[in-house]
2 protein chains.
Amino acid sequence: MQLSNSSQYAIRILSYMALHKESKLLNATQLAEALQIPYKFLTKIMTEIVKSGLVVSIRGRDGGYKFEKPTSEIMVNEILSIFHDSIPDEQCVLGIGFCNGLCKCALHDQWMEPKHLMQKMFQESSLEDIAGKGCKF
Amino acid sequence: MQLSNSSQYAIRILSYMALHKESKLLNATQLAEALQIPYKFLTKIMTEIVKSGLVVSIRGRDGGYKFEKPTSEIMVNEILSIFHDSIPDEQCVLGIGFCNGLCKCALHDQWMEPKHLMQKMFQESSLEDIAGKGCKF
DNA sequence: TCCAATTACTACTTATAGGTAGAATTATAA
DNA sequence: TTATAATTCTACCTATAAGTAGTAATTGGA
Ligand code: SF4
Ligand code: SF4
């Protein structure tokens, strides 16, 4: 019942980038250092994020990563889906079957509520939101 | 964001047993057949459950498994904790840190609500509840 | 006593997530 | 043009979950 390491790292990386968006480009070395994430693993994750289109990379000397669109338009859920970690509507907490509304177990209705809250939380929180509010990490 | 296979199987096995508690003992072959769980994996899981004390096993001919205490007193959360799948209070959805109430991120408060609902769901649902209500599976 | 039916134990295999190493590619600045 | 600093690619390693195989231990009954 927890997000994968990759998703967790991705959220930390991108919210750090959102918080430091005044510096046009941030490179992997800086990010790995600031966030204490293994450099090699960070670059692996960043490559996936770049492929997804959320971030663009500039290669070569003085290269780095930057956002393509405003951080207010990037939702946490988009990050999670890169790593297959977003919560699909048909996901069952017990993993027994798929919800079809016809046949449901005793926990089904109780599961709907926290599921919807989490989906809403991920879908409606932008990078700007999470980078701008609360503690900075 | 999903329970482990072992937890899912365990819930299915035990709720099936709760539903068939009139038959004093149920053996691994019957359970594996009825629930379509690989026999060898089922026995592995059952051995862990027996060790936890939720269920007692009778070895030898005509042996099998049965509950030690009433199914109304066995909570889903007890099953999950055998497989380290229950949700601890300090669990963070982002995995960034541990909640201490002093420093929290933008998602912390939004995460508390679904977390508490899930904890409550697991802690307050007994095997009798989930076996007796809703679809039988 | 001996057989058959049962769970328990030990060890292995497979699949996946997490993480690391090194070379290839790209682009800038000097 | 060339050295250098950066991302990207390919391949590997490690840890853990998931699943399988074979055997030992236990029990009841013929
Ligand atoms: S009814 Fe219960 S078992 Fe079926 S999909 Fe919903 S939560 Fe899962
Ligand atoms: S404040 Fe945010 S990052 Fe920290 S433990 Fe709570 S949910 Fe996790």
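Chain letters run A, B, ... following the sequence lines, proteins first, then strands; residues in each count from 1.
No side-chain donor from either of N77(A) and Q119(A) sits under 3.5 Å from a side-chain acceptor of the other.
In 5' to 3' order, the nucleotides of DNA chain C bounding all contacts with chain B (an atom under 4.0 Å from a heavy atom) are dA5(C) to dC9(C).
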Under 3.5 Å, which N/O atoms of the protein pair with N/O atoms of nucleotides 24-27 of chain D?
unit_1	atom_1	unit_2	atom_2	d
dA25(D)	N3	R59(B)	NH2	3.2
dT26(D)	O2	G60(B)	N	3.4
dT27(D)	O2	R61(B)	N	3.0

Name the pairs: protein N/O against N/O of nucleotides 12-19 of chain D, kept only if under 3.5 Å.
unit_1	atom_1	unit_2	atom_2	d
dA18(D)	OP1	N5(B)	N	3.0
dG19(D)	OP2	N5(B)	ND2	3.3
dG19(D)	N7	K44(B)	NZ	3.2
dG19(D)	O6	K44(B)	NZ	2.6

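Scanning DNA chain D for stems, defined as runs of 3 or more consecutive Watson-Crick or G-U wobble pairs whose donor-acceptor distances all fall under 3.5 Å, gives the following ranges: C:1-30 with D:1-30.
T43(B) comes within 4.0 angstrom of no nucleic acid atom, judged by non-hydrogen atoms across all strands. Residue contacts shown for Y65(B) are limited to sugar-phosphate atoms, with no base heavy atom under 4.0 Å away.
Counting only heavy atoms from C-beta outward, the side chains of L25(B) and D62(B) never approach each other to under 4.5 Å. Here the side chains of D85(B) and I79(B) are not in contact, with every heavy-atom distance at 4.5 Å or above.
Cluster membership for L117(A) and M112(B), using ILVMFWY side-chain heavy atoms within less than 4.5 angstrom, is not shared. Residue L54(B) is not grouped with residue I58(B) when hydrophobic side chains (ILVMFWY) are merged at heavy-atom distances under 4.5 angstrom, including chains of intermediate members.
With rounding to the nearest 0.5 Å, the separation of NZ in K104(A) from SG in C92(A) is 13.0 Å. Here the CD1 atom belonging to I87(A) is positioned 7.5 Å from the CG atom belonging to L3(A), to the nearest 0.5 angstrom. Atom-to-atom distance recorded for I130(B):CD1 and M75(B):CE is 11.0 Å, nearest 0.5 angstrom. A distance of 10.5 Å separates NE2 of H108(A) from CG of L94(A), quoted to the nearest 0.5 Å. Summarising the geometry, atom CD1 belonging to I13(B) is positioned 9.0 Å from atom OG belonging to S6(B); distances are rounded to the nearest 0.5 Å. The CZ atom of F83(A) lies 7.5 Å from the OG atom of S52(A); values are rounded to the nearest 0.5 Å.
Regarding E48(A), its CD atom lies at a distance of 16 Å from the P atom of dT7(D), rounded to whole Å.
Salt bridge status for K69(B) with E73(B): absent, with no side-chain N to carboxylate O gap under 4.0 Å.
Phosphate proximity of dT8(D) to Y39(A): absent, as no side-chain N or O sits under 4.0 Å from OP1 or OP2.
Taken residue by residue, residues 20-32 of chain B places no heavy atom nearer than 4.0 Å to DNA chain D.
By the side-chain contact (heavy atoms from CB on, under 4.5 Å) test, K21(B) pairs with T71(B), E128(B), sequence neighbours left out.
Within 6.0 Å of CD in E48(B) there are more than 12 heavy atoms belonging to other residues, nucleotides or ligands.
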Go through I49(A) and L14(A) one step at a time and tell me if the side chain to side chain contact (heavy atoms under 4.5 Å, CB included) criterion holds.
-> CA-CA 10 Å; I49(A) 296 174; L14(A) 297 181; 4.2 Å; yes
